[in-house]
Peer 1: 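Following this message is one structure expressed as structure tokens.
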Amino acid sequence: MFQPVENNASFPSLENEILEFWKEQDIYGKSLERRADAPRFVFYEGPPTANGMPHPGHCLTRAIKDLFPRYRTMRGFYCERKGGWDTHGLPVEVEVCKELGIHSKEEIEAFGIEPFIHKCQQSVWRYMREWERLTERLGFWIHLPDAYVTYHKTYVESVWWSLKTLFDRGLLYQGHKIVWWWAQGGTALSAGEVGQGYREVADPSVFVRFPLLDDEGQRTDTSLLVWTTTPWTLPSNQFAAVHPELTYATVTDTESGEKLILADELVETVATKAKREWTVESTCTGRQLVGRRYLPPFDDYYRELGDRRAPLKTGGEDYLAWRILSADFVTTESGTGAVHQAPAFGEVDYEVLIADQERFVSGEGPELICAVGPDGKFTSEAPDYEGRWVKEADKDICRDLRERNLLLHLDQYLHEYPFCWRAEEDPLIQYPRQSWFVRTTKFQDRMLANNQEINWLPDHIKGGRFGKFLESNVDWALSRERFWGTPLPIWVCDQTGKQEAVASYAELLAKPGVQGTEVWTAAKQANPELVDDLCVHKPYIDEVTYDSPFAAGGRMRRVSEVIDCWYDSGAMPFAQWGYPHQGHDEFQAQFPADFISEAIDQTRGWFYSQLAISTLLFADPDNRTAETEPVDFPHPYRNCIVLGLMMGEDGQKMSKSKRNYREPTEIFDKYGADALRWFFFAKQAPWTTIRYSESSIKESIPEFLLRLWNVYSFFVIYANIDGFDPGQLLAPDHALAANAQLNAADFAAARGFRPIAQRGELDRWILSELNRTLSGVVERMDAYDNFAACQLINEFVDGLSNWYVRRSRDRFWASDKESPEKLDAYWTLYECLLTTSKLVAPFVPFLADTLWRNLASVCGPQVLESVHLCDFPGGDDAVVDEQLSTRMRLLREIASLGRSARMDAKLKVRQPLAKVEVILADATHQPWLAAHDALLCTELNVKAIEYTADAEKYIEYQVQPNFKRLGPRVGKLMPAVKQALGEADGGALLAELTDTGKVELAAGDQTVELDNEDIQVRLQAKPGWSAAQGTSCVVVLSTELTEELLREGLARDVVRLVQDRRKQLQCEFTDRISIGIVTDSDDVKAAVQDNLDYIAAETLANRVIFERLADSDRVEHQVGGDKIVLHVSVDAP
RNA sequence: GGGCGUAUAGCUCAGUUGGUUAGAGCGCGUCGCUGAUAACGACGAGGUCCCAAGUUCGAAUCUUGGUACGCCCA
């Protein structure tokens, strides 16, 4: 006996039972054990940060991350799923600052770095429990107890090793980075912080003359006219930039006679603004201006460097600065088309400098000029303004320029400018800071080559967002002037400034003359609860110094920076194992990953950091070591599903304050995890923007989960009634092997089990559909296409429920329990359900196991206890019957058309009809269809189906060209062919085609010979018939009702009323009853009399009488317009 | 300002290499079924496939240019 199935399934509570079962029996562990010797399917967990609550977006990521490992495990792979947590970085520091009510670095330092770090370390676990609970409840099988943690000592040391490797190869270097700088607070602001502080302000807008020099370096009477809104950057001017493709005009001022150069199309605008009159003397392209030298507005640097030249890589030499350069970013939207370049104070300008440096022999090119200190005040390098806050010096600089006749025009300019978000009066400035960089640009080609080999889903990421990002690669600004992060493992000699990198704590301790480790020891003694991992963190690590190998008496001290936490997570392919200090075998076995998945916001995050680090470390044939043997591309991941962003109910970004989404826990409690998973997997491609709406999640239940459940429930109800128990039916001498998975072969010797070939068409059909689905799902899932796979599954379950079960019901109800047809139905449906539970297991693991456990356990203890231990079923081509599939589709279409025609004629299905006539466009399938009249007759409640030979009576033929076939052949003649076919007599044309196999058609001035394949026939029902037309057939109803048919209809009405009454009386399906009917209607009496056997059989009635029954309530009804009183009573068994 | 993506029914989304009646679910309407039953099913209405131009015998699909929205970066 199967466990009875509740008719109102509560998925959440079923899921909780399954969770309990998984936990108690360690099903996840067993699923891995079963694959211990199997080939690996490597999965990497992109580490989430546990210092915030998980939200629906995380559910999607975690659901997809669960799906494919589950699928691959069932397909026979060993798939280790090691968890991971991202624990470093500014977000953590910000959380702690919030808690402490502080903001700035000074405040952190005042609070104390040591206690601050302790708080950071604790803070990252704040929402750990919520994350664990969500992970488990969603059914995400991943091993969390030994998850990698980015602050762990082993992890940090692994990162250190990689950094040392890069450092030793010259790939880790110090340089400048232009940051948004809060001068008053002495700190850089992150992009997010800057974004918060934009305000509209008026800044001076100045048009300044840069007098051009001639070849001898003498000042000419022509000036380049440049524009800037930051006059304070002019003392640090290094270049002027023009666009190479723009046209520039040389104009003469009619009043002063001076000559100016500016963009041709801006001449009028600027002249008007400056209230001048200019005449254009000549024009040239920007390219022609490139290389010209000019006199900068301030000569503090120029005095010394103006004539200095340096050797170029290409030979020859060029002046270091104050040249006109070519730059694509120059526009004519504002200004003059000539742009002042102060690389110290603008990221774009800085890149121009770097690019220019590249032209020179290494180390000989222009240095960065910067006349401003970190406090935002001019330094002694601009003596006139030394000590003055830059913004405040603007006015005097302008006055100075005017006095020296360099200022053409000054006005005010309104624009958005960032201010410090916590000190609102302080404008930010762009400012160069020393920073450590990873020289990723050197590996750009190899990163691009690596990218080419990655299977991106969707495909456009490869050449699109990710590829484009790689093409514009710049060196990775690695260091952060912060506290909670992996310390940069570089120690500097305090005498020579020489540097070396350290790969592990042990390596550090082994250095000569080590001092400072006692600080950590003391801290640990004072507070034994401190986790040991903190010894490699600030502030303890900063205390560790050692003897310099570079200078006698020198000490090596660590640089103060920590690194970008994206480097941490990008290092996880090896750092999760502590490689190479330990975990060598694990790394070798688990590199690269077969599959990773995160949302698209990780393009520049984890997707990039992994690829960059892996390419730099494991794709350098010139620097191979035992630990960094080059690995074939792609690595470190082969397949990557890039998930779309998740939006709230209203299509807007999800936001806690707007309450535009439901908490996942609420969804789990109301609808269950399977509903949520199915919503993610089956409702849209995973890379589209997903609207997370409660109603859509809810819909998963009736659309899929409940439909499958109903089939399951139907099966269990009748199997139990009929005593269909596969365990009992298995032949005693055919015991199941251990770990049986209940494939069809296991039942071959069971009682009543017939080979598929001996079963009826409907059974063969559904098994064919099942196997077609299996093949399709495997094919799609191997291609990481869960969406298409789900559509296939959905179609199958729909066919199972709405055609197979629906059309097999009378077999299940048949009274002969041993009839072969009935047993066929049970065995077929049983096999379908068992296989379906395996099929859906990776998608909806809870429902799948609920089905499996009940359906499979009746076969005894040898059977695998969980569906997740089974193999994923592959399709058996031998069982697939494409022709049967096509024919059944046609049959269903005829049924559908028949219902449609009934609808039109307002003839309800309960009313039997004499016949329908079917006209097929293609008569090939007619004999087969004719053999299945019974099915159609039942479905349409008609007495007969006829396949009309006399088609012309009901329909006319419309003949159309088969465009796809004919198009390439007739080309431009197509419209003429179409018209000619449309005008031809379809019937005659078809007749000729049938006779001779070809037909000649005059189209335009040519004749085209057509064969059977060249045309498509459409049928058009003639008016006047109750008919419905489809693409390939027409169904015509016979609407004539005889007395007999009408009575039969009435009898069915009565049956329906009795069944209704049975339900009200809460009859068991097997209870027998008595029926009493009291009516004045002779029609009803006759109808009941004529169909007595039918009524009795349908309602399990022992007797039907035309008088009231004692001990029974009377119920009044209308039947066919007449009143009847119905009595129903349950007979004693 | 640049890059990438998206735009199809009232809503949420499919639509395979270009092929002439553009699909599904929900919602809506009508109806059916009543031994899966607080379910289920059928049928129907509903579309200028964002706009424009182009390529083609033929465009939701390819090209170009717009528009709107989203994300990333400046």
Side-chain angles (χ1 to χ4, degrees), chain A residues 5 7-8 191 328-329 331 333 347-348 458 460-461 463-469 471-472 599-601 603-605 644-645 647 651-653 679 682-685 687-691 693 695-696 698-700 702-704 706-707 709-718 721 787-788 791 794-795 798 801-802 805-806 809-810 812-813 895-904 906-911 939 941 960-978 1016 1018 1028-1031 1052 1055-1060 1062-1063 1067-1071 1098-1100:
Chain A
V5 174
N7 48 14
N8 50 344
D328 289 335
F329 58 78
T331 69
E333 298 222 330
E347 211 170 333
V348 177
H460 62 72
I461 299 288
R465 191 175 280 219
F466 196 70
K468 286 284 193 302
F469 175 63
E471 279 165 23
S472 58
I600 193 164
D601 56 2
T603 308
R604 286 150 195 272
L645 285 152
M647 297 294 164
Q652 305 288 306
K653 239 181 192 169
F679 163 73
K683 293 282 180 133
Q684 62 273 303
W687 42 81
T688 51
T689 303
I690 296 172
R691 193 175 291 197
S693 83
S695 60
S696 293
K698 189 180 173 181
E699 279 168 16
S700 304
E703 275 173 29
F704 179 71
L706 199 55
R707 188 181 285 158
W709 182 265
N710 283 335
V711 175
Y712 162 68
S713 147
F714 176 90
F715 170 82
V716 169
I717 288 171
Y718 290 104
I721 287 176
F787 179 56
Q791 286 182 319
N794 201 24
E795 271 170 40
D798 182 61
S801 170
N802 288 330
V805 171
R806 179 187 167 87
R809 274 191 285 208
D810 43 6
F812 289 104
W813 299 335
S896 171
L897 290 170
R899 284 189 293 262
S900 177
R902 289 194 81 112
M903 197 79 159
D904 279 351
K906 300 219 183 300
L907 287 164
K908 59 188 178 186
V909 179
R910 224 180 304 147
Q911 175 59 59
E939 182 67 21
N941 193 18
Q960 277 206 323
N962 176 351
F963 289 98
K964 201 164 182 171
R965 192 156 187 270
L966 226 39
R969 202 164 90 216
V970 306
K972 295 195 184 208
L973 217 53
M974 188 63 98
V977 173
K978 183 182 177 185
Q1016 296 167 319
R1018 291 229 165 87
Q1029 64 194 37
T1031 51
R1052 287 181 68 126
V1055 167
R1056 198 212 132 191
L1057 293 174
V1058 174
Q1059 301 290 29
D1060 206 35
R1062 281 185 67 112
K1063 201 169 73 186
C1067 289
E1068 292 297 321
F1069 297 142
T1070 47
D1071 286 345
E1098 285 293 306
T1099 61
L1100 294 185

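Throughout, a chain's letter reflects where its sequence line sits, starting with A, and its residues are numbered from 1.
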Peer 1: Quiz question: going by heavy-atom distance under 3.5 Å, is there a donor-acceptor pair between the base of U17(B) and the side chain of Lys964(A)?
Peer 2: yes

Peer 1: Tell me the partner of U37(B), counting only Watson-Crick (N1-N3 plus N6-O4 or O6-N4) or G-U wobble (N1-O2 and O6-N3) with both under 3.5 Å; none if nothing fits.
Peer 2: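 WC or wobble partner does not exist here.
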
Peer 1: Write down the distance between CD1 (Ile600(A)) and P (G3(B)), rounded to a whole number of angstrom.
Peer 2: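 Distance, rounded to whole Å: 16 Å.
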
Peer 1: What interatomic distance, in whole Å, is found between C1' of A9(B) and the corresponding atom of U21(B)?
Peer 2: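 Nearest-Å result for U21(B) against A9(B) at atom C1': 16 Å.
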
Peer 1: Counting distance only, does the side-chain N/O of Ser801(A) pair as donor-acceptor with the main-chain N or O of Asp798(A) below 3.5 Å?
Peer 2: no

Peer 1: Counting any heavy atom closer than 4.0 Å, what does Leu973(A) reach on the DNA or RNA strands: base, sugar-phosphate only, or nothing?
Peer 2: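 No contact.
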
Peer 1: When the nearest nucleotide of RNA chain B is assigned to Ile721(A) and to Asn794(A) on a heavy-atom basis, which residue is associated with the more 5' position?
Peer 2: Asn794(A)

Peer 1: Between Arg1062(A) and Asp1071(A), is there a side-chain heavy-atom distance shorter than 4.5 Å?
Peer 2: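 Side chain of Asp1071(A) against side chain of Arg1062(A), heavy atoms only: contact under 4.5 Å found.
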
Peer 1: Using the P atoms only, state how far A36(B) lies from C49(B), rounded to an integer number of Å.
Peer 2: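 C49(B) and A36(B) have their P atoms separated by 44 Å.
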
Peer 1: Check the distance between C13(B)'s P and Phe704(A)'s CZ and give it to me in whole angstrom.
Peer 2: 21 Å

Peer 1: Does the plane of the ring in Phe714(A) sit parallel, tilted or perpendicular to the ring in Phe812(A)? Use 30° and 60° as the thresholds.
Peer 2: perpendicular

Peer 1: For the side chain of Phe963(A), starting at C-beta, report the closest nucleotide among U20(B), A39(B), C71(B).
Peer 2: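 Selected nucleotide (nearest to the side chain): U20(B).
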
Peer 1: Figure out the CE/C1' separation between Met647(A) and U12(B), and round it to whole Å.
Peer 2: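 After rounding, the gap between these two atoms is 15 Å.
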
Peer 1: Using Watson-Crick or G-U wobble geometry with both distances below 3.5 Å, tell me the partner of G58(B), or none.
Peer 2: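 Here G58(B) is not engaged in any pair, so there is no nucleotide opposite it.
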
Peer 1: Considering only the P atoms, how many Å lie between U16(B) and U8(B), rounded to the nearest integer?
Peer 2: 16 Å

Peer 1: How many angstroms lie between atom OH of Tyr712(A) and atom CH2 of Trp709(A), to the nearest 0.5 angstrom?
Peer 2: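 Result: 5.0 Å between the selected atoms.
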
Peer 1: Please confirm whether any donor atom in the side chain of Arg902(A) sits under 3.5 Å from an acceptor in the base of C43(B), or the reverse.
Peer 2: no

Peer 1: Looking only at atom C1', what distance separates U12(B) and A7(B), rounded to whole Å?
Peer 2: 14 Å

Peer 1: Nearest whole Å is fine: how far is C26(B) P from Lys698(A) NZ?
Peer 2: 13 Å

Peer 1: Taking only side-chain nitrogens and oxygens of Lys683(A), does any of them come within less than 4.0 Å of OP1 or OP2 of U12(B)?
Peer 2: no

Peer 1: Which base, if any, makes a Watson-Crick or G-U wobble pair with U63(B), both distances under 3.5 Å?
Peer 2: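 The answer is A53(B), by the H-bond criterion.
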
Peer 1: Which nucleotide, if any, forms a Watson-Crick or G-U wobble pair with U12(B), using both distances under 3.5 Å?
Peer 2: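 Result: A24(B).
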
Peer 1: Taking only N and O in the side chain of Arg465(A), is any of them less than 4.0 Å away from OP1 or OP2 of C71(B)?
Peer 2: no

Peer 1: Closest approach to the side chain of Gln791(A), judged atom by atom: which nucleotide of C71(B), A36(B), A14(B) is it?
Peer 2: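 Closest nucleotide to the Gln791(A) side chain: A14(B).
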
Peer 1: Check whether any side-chain N or O of Arg604(A) sits under 4.0 Å from OP1 or OP2 of C71(B), and answer yes or no.
Peer 2: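 False: Arg604(A) side-chain N/O out of range (4.0 Å or more) of C71(B) OP1/OP2.
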
Peer 1: Provide the closest heavy-atom pair for Phe963(A) versus Pro968(A) in the form atom of the first, atom of the second, distance.
Peer 2: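 The pair with the smallest heavy-atom distance is O-CD, 4.2 Å.
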
Peer 1: Take atom C1' in C71(B) and the same atom in G27(B), then report the distance between them in whole Å.
Peer 2: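 Approximately 31 Å lies between the C1' atom of C71(B) and that of G27(B).
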
Peer 1: Is Glu939(A) salt-bridged to Arg806(A), cutoff N-O under 4.0 Å?
Peer 2: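 Salt bridge present between Glu939(A) and Arg806(A).
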
Peer 1: Could you tell me how far C62(B) sits from G5(B) if I compare only their P atoms? Round to whole Å.
Peer 2: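 Rounded to whole Å, the distance is 12 Å.
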
Peer 1: Contact class for Leu966(A) vs. all strands (heavy atom < 4.0 Å): base, sugar-phosphate, or nothing?
Peer 2: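 No contact at all - Leu966(A) keeps every heavy atom at 4.0 Å or more from the nucleic acid.
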
Peer 1: If the cut-off is 4.0 Å, is Arg910(A) near the phosphate of C31(B), judged by side-chain N/O to OP1 or OP2?
Peer 2: no

Peer 1: Of the options A36(B), A39(B), C57(B), whose atoms approach the side-chain atoms of Lys972(A) most closely?
Peer 2: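 Of A36(B), A39(B), C57(B), C57(B) is nearest to the side chain of Lys972(A).
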
Peer 1: Does G41(B) have OP1 or OP2 sitting under 4.0 Å from an N or O in the side chain of Asn802(A)?
Peer 2: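 True: Asn802(A) side-chain N/O within range (under 4.0 Å) of G41(B) OP1/OP2.
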
Peer 1: Report which part of the nucleic acid Gln1059(A) touches: base, sugar-phosphate, or nothing (heavy-atom distance under 4.0 Å, all strands).
Peer 2: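 Result for Gln1059(A) = base.
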
Peer 1: In whole Å, I'd like the distance from the CD1 atom of Ile690(A) to the P atom of C13(B).
Peer 2: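 Going from Ile690(A) (CD1) to C13(B) (P), I get 9 Å.
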
Peer 1: Side chain of Gln684(A), backbone of Phe679(A): donor and acceptor closer than 3.5 Å?
Peer 2: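 The answer is yes, because a donor-acceptor pair under 3.5 Å joins these two groups.
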
Peer 1: Whole Å only: how far is the CD atom of Gln684(A) from the C1' atom of G15(B)?
Peer 2: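 Distance, rounded to whole Å: 16 Å.
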
Peer 1: Is there a donor and acceptor pair closer than 3.5 Å between the side chain of Ser900(A) and the base of A42(B)?
Peer 2: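 There is none.
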
Peer 1: Side chain of Thr688(A) only, please: which of U12(B), A14(B), A36(B) is the nearest?
Peer 2: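 Given the options U12(B), A14(B), A36(B), the side chain of Thr688(A) is closest to A14(B).
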
Peer 1: Are side-chain heavy atoms of Pro975(A) and Lys978(A) found at a separation under 4.5 Å?
Peer 2: no

Peer 1: Suppose we define a pair by two distances each less than 3.5 Å, Watson-Crick or G-U wobble; what does A45(B) pair with here?
Peer 2: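 Pairing partner: none.
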
Peer 1: Could you identify the nucleotide paired to C69(B), looking across every strand shown and requiring Watson-Crick or G-U wobble geometry with both distances under 3.5 Å?
Peer 2: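 C69(B) is paired, partner G5(B).
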
Peer 1: Just checking Arg1056(A): base, sugar-phosphate only, or nothing, at a heavy-atom cut-off of under 4.0 Å?
Peer 2: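 Result for Arg1056(A) = base.
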
Peer 1: Please measure how far the P atom in C51(B) lies from the corresponding atom in C11(B), and state the result in whole Å.
Peer 2: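 Looking at atom P only, C51(B) and C11(B) are 16 Å apart.
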
Peer 1: By nearest nucleotide on RNA chain B, pick out whichever of His460(A) and Gln911(A) is the more 5' one.
Peer 2: His460(A)

Peer 1: Distance check needed: A36(B) P versus Ile717(A) CD1, whole Å only.
Peer 2: 8 Å

Peer 1: Among the candidates C57(B), G41(B), A39(B), find the nucleotide nearest to the side-chain atoms of Arg707(A).
Peer 2: G41(B)

Peer 1: Mind calculating the distance between NZ (Lys468(A)) and P (G2(B)) to the nearest angstrom?
Peer 2: 14 Å

Peer 1: In whole Å, what separates the P atom of U63(B) from that of U55(B)?
Peer 2: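 Per the computed distance, 15 Å lies between those P atoms.
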
Peer 1: Among C11(B), A36(B), A14(B), find the nucleotide with the atom closest to the side chain of Phe714(A).
Peer 2: A36(B)

Peer 1: Taking the side chain from Arg691(A) and the backbone from Met647(A), do they hold a donor-acceptor pair closer than 3.5 Å?
Peer 2: no

Peer 1: Assign Val711(A) to base, sugar-phosphate, or nothing according to its heavy-atom contacts below 4.0 angstrom with the strands shown.
Peer 2: base

Peer 1: Hey, does the side chain of Gln960(A) come within less than 4.0 Å of U21(B)'s phosphate (OP1/OP2), counting only N and O?
Peer 2: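 Yes, within the criterion.
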
Peer 1: Check the geometry between Phe469(A) and C72(B) and answer yes if their rings are stacked (centres below 5.5 Å, planes below 30°), otherwise no.
Peer 2: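 Here Phe469(A) fails the 5.5 Å or the 30° condition.
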
Peer 1: Tell me which nucleotide among A36(B), U20(B), C13(B) gets nearest to the side chain of Lys978(A).
Peer 2: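 Within the option list, the nearest is U20(B).
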
Peer 1: Once you apply a heavy-atom cut-off of 4.0 Å, does Val977(A) come out as touching a base, just sugar-phosphate, or nothing?
Peer 2: nothing

